[in-house]
S.K.: 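Before I ask anything, let me first share the structure, which is written out below as structure tokens.
All values below were derived from every heavy atom in this structure, side-chain atoms included, with hydrogens, water molecules and symmetry-related copies excluded. To find a chain, count down the sequence lines: A is the first, B the second, and so on, and within it residues start at 1. Because the structure is a prediction, the values reported are computed rather than measured.
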2 protein chains.
Amino acid sequence: MAQRNTWQRDRVRAALADSQGFVSAQELHAMLRADNTGIGLATVYRALSTLAASGEADQLQSPDGEAIYRACTSTGHHHHLICRGCGLTVEIQADDVEAWARRTAATHGFTHAQHIVDIFGLCPDCSAKAAAEDSDAG
Amino acid sequence: MAQRNTWQRDRVRAALADSQGFVSAQELHAMLRADNTGIGLATVYRALSTLAASGEADQLQSPDGEAIYRACTSTGHHHHLICRGCGLTVEIQADDVEAWARRTAATHGFTHAQHIVDIFGLCPDCSAKAAAEDSDAG
DNA sequence: TTAGGTGCAAAACCTTTGCACACAG
DNA sequence: CTGTGTGCAAAGGTTTTGCACCTAA
């Protein structure tokens, strides 16, 4: 039948739960290897896919183009505030926007809707640096 | 010295402006090749990076893990509801979201903030087709 | 002239897949 | 026993990079 309960799967799940924010499959694999398990990279990917499919994990794309995962928290996902200067990424809650996106898709009869909501800008540090360079370099 | 003004760069910029919504570098390259230009894939990537760095284009990750770009329109800001199946694009107004984005950036001390708010999904037609295939094959 | 841009192809990167074997049920 | 899961490595995809030539200022 469906899924078996292997220690590999458990380790992946545990490592995922252990991580506070998002983790890439590569990072997860590295963690697991460092943890003295001879787990394979493909296994990590497969476990992650399965976990994501069964709703135990959330999967999305990092700004770097990697797939990143997090243990599934009961309530929806969030979005990102990304610094163009240093790459700093702040996770933001946007329940209103979630609702708006769903409503907008439904209004137009769209199904299977995913939304992209991200804000690019300069973080406080980079804003200060940019201002300094501006008056400095002219 | 800074950037030169090559026809390749111009074509990339034009193709980008020509596209409603987001386009991947691969798609852009295909368009440009079909347009009778012998432009190279690497050139498209390089032009896109330059454009993104100079603020003329916005770059982000599609749900499929590709980097996607769109022309940065300084005026008449609106968003898109894009059909994954047939490419149909609906322009949507989102004043509430505009306000929210501005507020969120400010709250975190971010400056020069631009936001990306787009929804990908299946339009009514493609939804129906997908449902038909589902009950047919499943 | 100068130095940045271009094209091609190979490299690098992340992710998926084929295969033989092991292990959960 | 049955069939899913695993590990390895090779394949697949996208994006970057090296190099020689070209071209815009």
Side-chain angles (χ1 to χ4, degrees), chain A residues 1-16 19 21-70 82 84 87 89 114 116, chain B residues 1-16 19 22-54 56-70 84 120:
Chain A
M1 269 299 287
Q3 336 217 132
R4 287 187 191 174
N5 212 17
T6 61
W7 63 264
Q8 286 96 332
R9 192 90 42 110
D10 273 348
R11 297 297 283 226
V12 170
R13 204 186 326 229
L16 197 57
S19 311
F22 286 96
V23 216
S24 72
Q26 304 278 348
E27 285 172 334
L28 232 27
H29 179 232
M31 288 171 57
L32 260 17
R33 293 290 262 212
D35 220 6
N36 228 12
T37 63
I39 196 170
L41 177 59
T43 300
V44 175
Y45 274 102
R46 279 190 277 234
L48 248 16
S49 289
T50 304
L51 256 31
S54 71
E56 294 186 68
D58 279 339
Q59 172 181 10
L60 64 149
Q61 299 289 330
S62 83
D64 284 340
E66 287 179 282
I68 53 179
Y69 302 81
R70 75 165 172 193
I82 303 158
R84 263 191 228 285
T89 299
Q114 298 180 295
I116 293 181
Chain B
M1 191 183 294
Q3 338 216 132
R4 286 187 195 172
N5 212 18
T6 61
W7 63 264
Q8 286 96 333
R9 192 88 44 105
D10 273 348
R11 297 298 285 228
V12 170
R13 205 187 326 230
L16 198 58
S19 311
F22 289 96
V23 217
S24 72
Q26 304 277 349
E27 285 172 334
L28 232 27
H29 179 232
M31 288 171 57
L32 260 17
R33 293 291 262 212
D35 220 5
N36 228 11
T37 63
I39 196 170
L41 177 59
T43 300
V44 174
Y45 273 102
R46 280 189 275 234
L48 248 15
S49 289
T50 304
L51 256 31
S54 71
E56 294 186 69
D58 279 336
Q59 171 182 11
L60 65 148
Q61 298 290 328
S62 84
D64 284 340
E66 285 180 283
I68 52 179
Y69 303 80
R70 79 165 169 193
R84 251 193 248 289
F120 295 86

S.K.: Output the rounded distance in Å from CZ (B/R11) to C1' (C/dT6).
M.R.: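 Nearest whole value for this atom pair: 16 Å.
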S.K.: Are any side-chain N or O atoms of B/R70 and backbone N or O atoms of B/V23, one a donor and one an acceptor, separated by less than 3.5 Å?
M.R.: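 Such a contact is absent between B/R70 side chain and B/V23 backbone.
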S.K.: Taking atom P of C/dA24 as reference, at what distance in whole Å does atom CZ of A/R9 sit?
M.R.: 13 Å
S.K.: What nucleotide, of D/dA9, D/dT17, C/dG7, holds the atom closest to the side chain of B/A42?
M.R.: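 Selected nucleotide (nearest to the side chain): D/dT17.
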S.K.: Among D/dG7, C/dT16, D/dT16, find the nucleotide with the atom closest to the side chain of B/S49.
M.R.: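 Nearest to the side chain of B/S49 among the choices is D/dT16.
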S.K.: Without decimals, in angstroms, what is the distance between B/E27 CD and D/dT14 P?
M.R.: 10 Å
S.K.: Tell me the interatomic distance from A/W7, atom CH2, to D/dG7, atom C1', rounded to whole angstroms.
M.R.: 10 Å
S.K.: What is the distance from CD of B/Q26 to C1' of D/dT16, rounded to the nearest Å?
M.R.: 12 Å
S.K.: If we check side chain to side chain contact (heavy atoms under 4.5 Å, CB included) with B/L51, which of these qualifies: B/R46, B/Q59, B/E56?
M.R.: B/E56
S.K.: Looking for any heavy atom pair under 4.0 Å, which part of the strands does B/R33 touch: base, sugar-phosphate only, or nothing?
M.R.: sugar-phosphate
S.K.: Can you tell me if A/R4 touches the phosphate of C/dC23, counting only side-chain N or O atoms and a distance under 4.0 Å to OP1 or OP2?
M.R.: no
S.K.: Would you say a side-chain N or O of B/T43 is under 4.0 Å from OP1 or OP2 of C/dG5?
M.R.: no
S.K.: Ignoring the backbone of B/Y45, work out which of C/dA24, D/dT14, D/dC8 is nearest its side chain.
M.R.: D/dT14
S.K.: Return the value, rounded to whole Å, for the distance between atom NE2 of B/H29 and atom C1' of C/dC8.
M.R.: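 My rounded result for the distance is 11 Å.
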S.K.: Reckon A/A67 touches a base, only the sugar-phosphate, or nothing at all at heavy-atom distances under 4.0 Å?
M.R.: sugar-phosphate
S.K.: Base, sugar-phosphate or nothing for A/L41? Non-hydrogen atoms, less than 4.0 Å.
M.R.: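 Since a base atom lies under 4.0 Å of A/L41, the category is base.
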S.K.: Once rounded to the nearest 0.5 Å, what's the spacing between atom CD1 of B/I68 and atom CG of B/L28?
M.R.: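 The CD1 atom of B/I68 sits 12.0 Å away from the CG atom of B/L28.
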S.K.: Output the rounded distance in Å from CD1 (B/I68) to P (D/dT14).
M.R.: 14 Å
S.K.: Can you find a donor-acceptor pair, distance only, under 3.5 Å between A/R46 side chain and D/dG7 base?
M.R.: yes
S.K.: Go nucleotide by nucleotide along DNA chain C from the 5' end; which of A/A25 and B/Q8 gets its closest nucleotide reached first?
M.R.: B/Q8
S.K.: What is the distance from CG of A/L48 to P of D/dG5, rounded to the nearest Å?
M.R.: 15 Å
S.K.: By nearest nucleotide on DNA chain D, pick out whichever of B/E66 and A/A47 is the more 5' one.
M.R.: A/A47
S.K.: Any side-chain heavy-atom pair from B/R9 and B/V12 closer than 4.5 angstrom?
M.R.: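 The answer is no; the side chains never approach within 4.5 Å.
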S.K.: Please confirm whether the shortest side-chain N or O distance from B/T6 to OP1 or OP2 of D/dT23 is below 4.0 Å.
M.R.: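 No, because none of the side-chain N or O atoms of B/T6 sits under 4.0 Å from OP1 or OP2 of D/dT23.
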S.K.: Where the side chain of B/H29 meets the backbone of B/I39, is there a donor-acceptor pair that is under 3.5 Å apart?
M.R.: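 Answer holds: yes.
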